[in-house]
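A short write-up of the structure that comes next.
A, B, ... follow the sequence lines: proteins, then strands. Residue 1 opens every chain. The analysis underlying the following values was restricted to heavy atoms, covering all of them including side chains, and did not include hydrogens, waters or symmetry mates.
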Protein chains: 2
Amino acid sequence: MTVPLEPFGKARGERADAARNRERLLAAAREMIAEQGTAQVTMDGLAERAGLGKGTVFRRFGSRAGIFQALLDDDERRFQERVLSGPPPLGPGAGPADRLIAYGSARIPFLLEHHAIARAAVDRALPVPAGAASMTQPHIRVLLGLAGLPPDRVYGLSVQLTAALEGPLLLYLAQDEIPAPPAPDDPDPLVDGWRFLVERLLAD
Amino acid sequence: MTVPLEPFGKARGERADAARNRERLLAAAREMIAEQGTAQVTMDGLAERAGLGKGTVFRRFGSRAGIFQALLDDDERRFQERVLSGPPPLGPGAGPADRLIAYGSARIPFLLEHHAIARAAVDRALPVPAGAASMTQPHIRVLLGLAGLPPDRVYGLSVQLTAALEGPLLLYLAQDEIPAPPAPDDPDPLVDGWRFLVERLLAD
DNA sequence: ACAATAAGCGGGGTAAAGTCCGTTTAGAGT
DNA sequence: ACTCTAAACGGACTTTACCCCGCTTATTGT
């Protein structure tokens with residue numbers, strides 16, 4: 001009776017060579033972005049750099065935007081862990097208002113750091129910058145519910161707050177408009193605005 | 001002493017043939033969208049339909065997204081007039097809170113009607129869905145100022161509220177998720193959410 | 001070991017966006 | 001009317017995302 005002993009952590013049916021190639025492609029993509037920016041990442045160029053065929057790139061990621069989403073997901077997973085099981089107030093243990101504020105305060109710098117990649121992951125074909133971003137809205141929804149807002153408003157507000165939080169960095173702020181955080185612990189106007197918005201919204 | 005007598009209303013240096021061709025292209029685009037949807041509008045197809053060369057299309061609109069922005073601008077101008085000189089509370093004459101709410105209540109159906117075109121006008125190359133949308137954020141900023149919010153918060157909040165208002169329809173809602181307004185004067189959850197958000201934000 | 005097979009791979013092919021530059025023409029001045 | 005010039009035009013060309021499908025290979029069961 002042989003127990004397969006799945007190493008756990010890699011997708012069930014993924015073949016070893018496929019996993020290896022995916023890593024190669026992601027690494028190559030990171031290099032190209034670091035060297036020349038997201039705009040210069042072409043599917044042919046990426047394939048060549050990784051020493052693979054173009055078909056393989058599409059098999060892995062589906063589309064150009066998919067590559068950037070995969071890169072985001074990587075970092076996003078770590079971010080998610082801080083939210084789900086890190087110390088409060090970002091993690092569990094604080095009140096919903098504090099957690100909402102903490103979420104925005106962590107999310108905004110995260111998106112700032114990943115701004116170039118996040119923008120490149122937006123694609124007119126699919127509705128949501130997938131993977132990563134899909135965490136923000138459910139999380140906000142849960143916290144709004146815990147905060148005691150009228151239940152029939154919670155979903156709609158979670159959509160609008162998600163847009164308020166991520167929209168500026170995905171849609172409305174140009175690259176050079178992005179406020180460089182002057183000092184590490186300086187007040188960031190976006191973070192302040194978010195805090196103000198949440199405090200007012202949840203004020204009894 | 002000859003006075004040129006500019007007819008006023010058409011851009012200064014635009015040649016008559018250029019204006020005529022722009023109209024032709026916009027008309028052709030509208031037809032194609034009505035018949036087959038935005039996805040089927042190709043630059044070659046559009047040029048051929050309008051009986052023009054492809055170079056002309058790009059000279060006029062710069063990019064594919066530019067066409068949809070031009071289509072939006074057309075309707076947007078009319079919308080803007082209602083805001084700038086129509087009856088209150090959408091137009092001038094009401095208090096800032098009422099005007100903000102009225103703006104959202106008018107803006108959301110407007111974007112719903114134009115959803116397909118508005119989405120097609122979003123492009124990864126440029127920061128803002130140009131033209132049209134550029135009106136929302138300044139307008140909100142002015143009203144927030146009039147409402148007496150702390151001046152150093154007004155700009156940031158206007159960015160976030162703009163995203164809260166338009167983001168859902170541009171980014172986060174898929175085509176088939178769009179809630180069809182059940183009856184003409186039924187409560188729209190998006191509008192209600194907006195009202196709730198603004199009321200809470202401006203509550204003294 | 002070996003065979004069977006499902007998954008992965010590769011690169012040529014297609015379609016559509018965007019560029020370039022030689023040609024044409026509207027409109028102003030005379 | 002005629003000339004002149006800046007603007008507009010057109011379509012071939014380039015680049016790039018994305019598709020297709022015959023070939024290769026990792027994996028599993030015997």
Side-chain angles (χ1 to χ4, degrees), chain A residues 1-7 10-26 28-29 32-33 36-70 120-126, chain B residues 1-7 10-26 28-29 32-33 36-70 120-126:
Chain A
M1 169 181 162
T2 44
V3 177
L5 257 197
E6 280 288 340
K10 44 190 68 171
R12 233 325 242 255
E14 189 173 44
R15 249 164 63 168
D17 53 347
R20 177 174 42 79
N21 286 343
R22 192 188 54 219
E23 289 309 318
R24 259 196 221 175
L25 284 166
L26 289 178
M32 292 177 78
I33 290 170
Q36 316 167 18
T38 54
Q40 302 307 314
V41 178
T42 72
M43 304 307 260
D44 299 83
L46 180 60
E48 189 185 7
R49 178 142 190 168
L52 297 168
K54 196 178 8 171
T56 306
V57 183
F58 279 93
R59 157 176 300 270
R60 284 295 106 195
F61 300 108
S63 73
R64 193 187 122 95
I67 291 170
F68 297 101
Q69 287 172 16
V122 175
D123 182 36
R124 73 164 170 280
L126 53 298
Chain B
M1 170 182 160
T2 42
V3 177
L5 259 196
E6 279 291 338
K10 43 189 71 172
R12 237 316 247 257
E14 189 174 42
R15 250 164 61 170
D17 54 346
R20 177 173 43 79
N21 286 344
R22 193 188 53 221
E23 289 310 317
R24 258 196 222 175
L25 285 166
L26 289 178
M32 293 176 79
I33 291 170
Q36 316 168 18
T38 54
Q40 302 307 314
V41 177
T42 72
M43 303 308 259
D44 298 84
L46 180 60
E48 189 184 8
R49 178 142 191 168
L52 297 167
K54 187 160 48 152
T56 305
V57 183
F58 278 93
R59 157 175 301 269
R60 284 295 109 196
F61 301 108
S63 74
R64 193 187 122 96
I67 291 171
F68 296 101
Q69 287 173 16
V122 176
D123 182 38
R124 72 163 171 281
L126 57 296

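- Side-chain contact check for A:Leu26 versus A:Phe61: some heavy-atom pair is nearer than 4.5 Å.
- Enclosure of atom CD in A:Glu48 is not indicated, since only 12 or fewer non-hydrogen atoms of other residues, nucleotides or ligands lie within 6.0 angstrom.
- Between the B:Arg64 side chain and the B:Val41 main chain, a donor and an acceptor come within less than 3.5 Å of each other.
- Counting non-hydrogen atoms under 4.0 angstrom, B:Arg60 reaches the backbone sugars and phosphates but no base.
- Taken residue by residue, residues 49-58 of chain B places heavy atoms nearer than 4.0 Å to DNA chain C at B:Lys54, B:Phe58.
- Note on B:Arg59: a base of the nucleic acid sits closer than 4.0 angstrom, heavy atoms only.
- Between B:Leu46 and B:Leu52 there is no side-chain heavy-atom pair separated by less than 4.5 Å.
- Side-chain nitrogen and oxygen atoms of B:Asn21 include none within less than 4.0 Å of the OP1 or OP2 phosphate oxygen of D:dA8.
- Looking at which nucleotide of DNA chain C each of B:Arg20 and B:Val41 is closest to, the 5′-most match is held by B:Val41.
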Stepwise side-chain contact (heavy atoms from CB on, under 4.5 Å) test for B:Ile33 and B:Gln40: CA-CA 7 Å; B:Ile33 291 170; B:Gln40 302 307 314; over 6 Å; no

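- For D:dT27, neither phosphate oxygen OP1 nor OP2 lies less than 4.0 angstrom from any side-chain nitrogen or oxygen of A:Arg15.
- Side-chain atoms of A:Arg24 and A:Asn21, non-hydrogen and from C-beta on, do get closer than 4.5 Å to each other.
- Remark: A:Glu14 engages A:Arg60 in a salt bridge, criterion side-chain N to carboxylate O under 4.0 Å.
- For DNA chain C, the span of nucleotides reached by chain B at under 4.0 Å from its heavy atoms goes, 5' to 3', from C:dA16 to C:dG27.
- From one end of the helix from C:dA1-D:dT30 to C:dT30-D:dA1 to the other, with five pairs defining each end axis, the axis direction shifts by 20° (rounded to 10°).
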